[in-house]
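Here the structure comes first, spelled out in structure tokens, and everything after it is commentary.
Values below: all heavy atoms of this structure, side chains included; hydrogens, waters and symmetry mates excluded. Everything numeric in this text was worked out from a predicted model, so none of it was measured. First the proteins, then the strands, lettered A, B, ... as listed; each starts at 1.
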There are 2 protein chains.
Amino acid sequence: MTGYGQFCPIAKTMEVLDERWTVLVVRELLCGSHHFNELRRGVPKMSPALLSKRLRSLAKAGIVLRLDDGNRTRYELTPGGRALAPVISALGEWGVQWRSQLGEEDYDPSLLMWDMHRNLDHDAMPDGRVVLAFRFPDVEPAHREWWIIAESSDLVDVCDADPGFPVTVTVVSALPTMVHVWRGDLRWATALRDGDLWLEGSAEAQRVLPQWLRLSPFAAVARQGDVAVIGDGSRSPHT
Amino acid sequence: MTGYGQFCPIAKTMEVLDERWTVLVVRELLCGSHHFNELRRGVPKMSPALLSKRLRSLAKAGIVLRLDDGNRTRYELTPGGRALAPVISALGEWGVQWRSQLGEEDYDPSLLMWDMHRNLDHDAMPDGRVVLAFRFPDVEPAHREWWIIAESSDLVDVCDADPGFPVTVTVVSALPTMVHVWRGDLRWATALRDGDLWLEGSAEAQRVLPQWLRLSPFAAVARQGDVAVIGDGSRSPHT
DNA sequence: CAGTATCCAATTGGATACTG
DNA sequence: CAGTATCCAATTGGATACTG
């Protein structure tokens with residue numbers, strides 16, 4: 001039930017990566033998360049017990065190092081773990097090209113905010129605090145409003161309660177619209193032109209927002225295979 | 001228990017590939033197997049019930065096509081399935097670099113023969129029938145001797161019973177030695193020089209055998225990370 | 001914050017035997 | 001040849017509550 005009993009290098013790799021959630025935990029580590037609750041925010045639907053278990057397996061497999069960091073534990077990829085980057089890239093590139101259709105349950109605003117908050121282009125942003133607000137009118141009230149507070153490149157917070165700071169720009173759209181813009185399935189300009197997404201704030205801030213908010217690392221991958229779902233989450237048929 | 005509930009393209013890919021054996025079935029299809037029992041030979045430790053189940057899942061996922069081919073079923077990759085080639089390559093490259101240590105149970109002579117038989121360099125081989133014999137004195141009698149009978153590029157058989165044809169060259173070694181030569185962990189020349197592997201047959205046939213028998217597609221990948229196990233299957237410590 | 005402990009229903013997949 | 005049927009032990013992982 002564990003190994004494959006094969007000398008094939010693909011089999012030897014899958015022995016380590018084929019368990020549910022494992023690859024997503026590695027993805028989070030590659031994205032720069034180092035602490036347990038930070039990792040949890042990248043895999044919000046994974047139970048903490050299971051995350052703990054996977055981190056131990058990955059440590060045993062020589063992919064993750066668990067380090068004592070004061071009274072917390074710090075997780076670090078080993079060189080072998082970092083060498084998984086091309087594997088993770090290949091998986092993401094295939095996914096964006098051949099699995100672009102999402103189900104209802106895939107639209108998770110907390111994950112979107114978590115992804116966006118660590119991909120801001122701080123060089124393009126003004127000095128001082130920038131507050132980005134998001135409103136998704138189609139989402140249940142409890143998860144409808146979000147704030148990203150960028151103080152500096154190493155201090156960016158996400159919260160779902162109004163932090164009280166003046167907002168630099170507000171983005172309003174259906175959640176699937178923002179998700180597909182982030183994924184690169186739908187262009188900012190197209191969504192704005194079609195009225196599927198709109199901005200509130202100074203004209204200048206509205207103009208530069210798309211530079212501040214970078215897109216998914218896979219957004220630039222050429223699309224093929226199937227048609228993206230856009231707008232309201234209804235499925236487009238395969239072409 | 002099935003999806004991850006994430007819009008992340010890596011998660012969407014793993015929803016299709018994270019089940020045990022699935023990636024190895026795709027590997028077999030990419031290697032050119034098209035029929036059920038042909039696929040089985042590439043995953044000898046997988047039960048036929050499970051192989052059947054995985055082929056159905058892959059068909060449902062749009063990766064495999066099941067075609068009626070006379071009274072048998074033919075399996076074909078879809079364009080999306082063929083597009084998994086870079087993913088499979090990345091997995092194999094990582095495995096060869098970071099998981100080169102094999103366990104006892106990974107040394108499977110039937111899989112080795114199956115891999116080798118489809119990687120012959122027919123252009124380097126003479127016209128007419130070429131018979132390669134293998135003897136692994138360390139393996140239990142029932143799986144100690146193997147023959148690869150190459151009639152032409154589209155007619156190559158593997159068997160574990162003497163087919164009775166004159167043998168062109170015989171290779172004798174411990175099974176791990178041949179496996180590590182195939183994987184590229186150990187060079188032909190080194191194994192021959194150290195007496196870990198020897199050949200029987202005409203001097204000319206011995207000389208050209210390494211051209212006929214090509215190595216694993218991952219044999220040329222640069223090694224790093226850990227030290228290969230060679231020779232008798234005992235473990236070398238990590239460096 | 002960073003996990004651990006416990007429980008349990010559901011799934012998984014190996015084994016074996018059988019079939020047109 | 002190309003699978004299907006059945007059974008069952010073992011594992012898995014989600015849920016919930018708890019801890020220093």
Are any non-hydrogen side-chain atoms of A/H35 and A/N37 less than 4.5 angstrom apart?
-> no
To the side chain of B/H35, which of D/dA2, D/dT4, C/dG14 is closest?
-> D/dA2
Plane angle bin for A/W21 and B/Y4 - parallel if under 30°, tilted between 30 and 60°, otherwise perpendicular | perpendicular
So, is B/R72 near the phosphate of D/dC1, with a side-chain N or O under 4.0 Å from OP1 or OP2?
-> no
According to a strict under-4.0 Å criterion, is B/R20 in side-chain N/O contact with OP1 or OP2 of C/dG14?
-> yes
Hey, does A/R56 have a side-chain heavy atom less than 4.5 Å from the side chain of A/R66?
-> yes
Residue matched to D/dG14 through Watson-Crick or wobble contacts both under 3.5 angstrom | C/dC7
Looking at the side chain of A/K53, which of C/dA15, C/dG3, D/dT12 is the nearest nucleotide?
-> D/dT12
Look at the side chain of B/Y75 and decide which nucleotide, out of D/dA2, D/dG3, D/dA15, has an atom nearest to it.
-> D/dG3
Among D/dT12, C/dG3, C/dT12, the nucleotide that comes nearest once only the side chain of B/E19 is considered = C/dT12
Do the two ring centres, one from B/Y107 and one from B/H180, sit under 6.0 Å apart?
-> yes
Identify the nucleotide, in any strand shown, that forms a Watson-Crick or G-U wobble pair with D/dT19, with both distances under 3.5 Å; if there is none, say none.
-> C/dA2
Kindly indicate whether the side chain of A/M113, heavy atoms from C-beta on, has any atom under 4.5 Å from the side chain of A/D160.
-> no
With respect to the side chain of B/N37, which nucleotide from D/dC1, C/dC1, D/dG3 is positioned closest?
-> D/dC1
Would you say B/S52 reaches D/dT4's phosphate, i.e. side-chain N/O to OP1/OP2 under 4.0 Å?
-> yes
Rounded to whole angstroms, how far apart are CG on B/L51 and C1' on D/dG3?
-> 9 Å
Winner on side-chain proximity to A/T73, out of C/dT4, C/dA2, D/dG3, is C/dA2
Side-chain N or O of A/Y4 less than 4.0 angstrom from OP1 or OP2 on C/dG13?
-> no
Could you please name the option among C/dG3, D/dG3, D/dG14 that lies closest to any side-chain atom of B/F36?
-> D/dG3
Expressed in angstrom and rounded to an integer, what is the separation of A/L55 atom CG from C/dG3 atom P?
-> 8 Å
Using a cut-off of strictly less than 4.0 Å, decide whether B/R54 has a side-chain nitrogen or oxygen near OP1 or OP2 of C/dG13.
-> yes
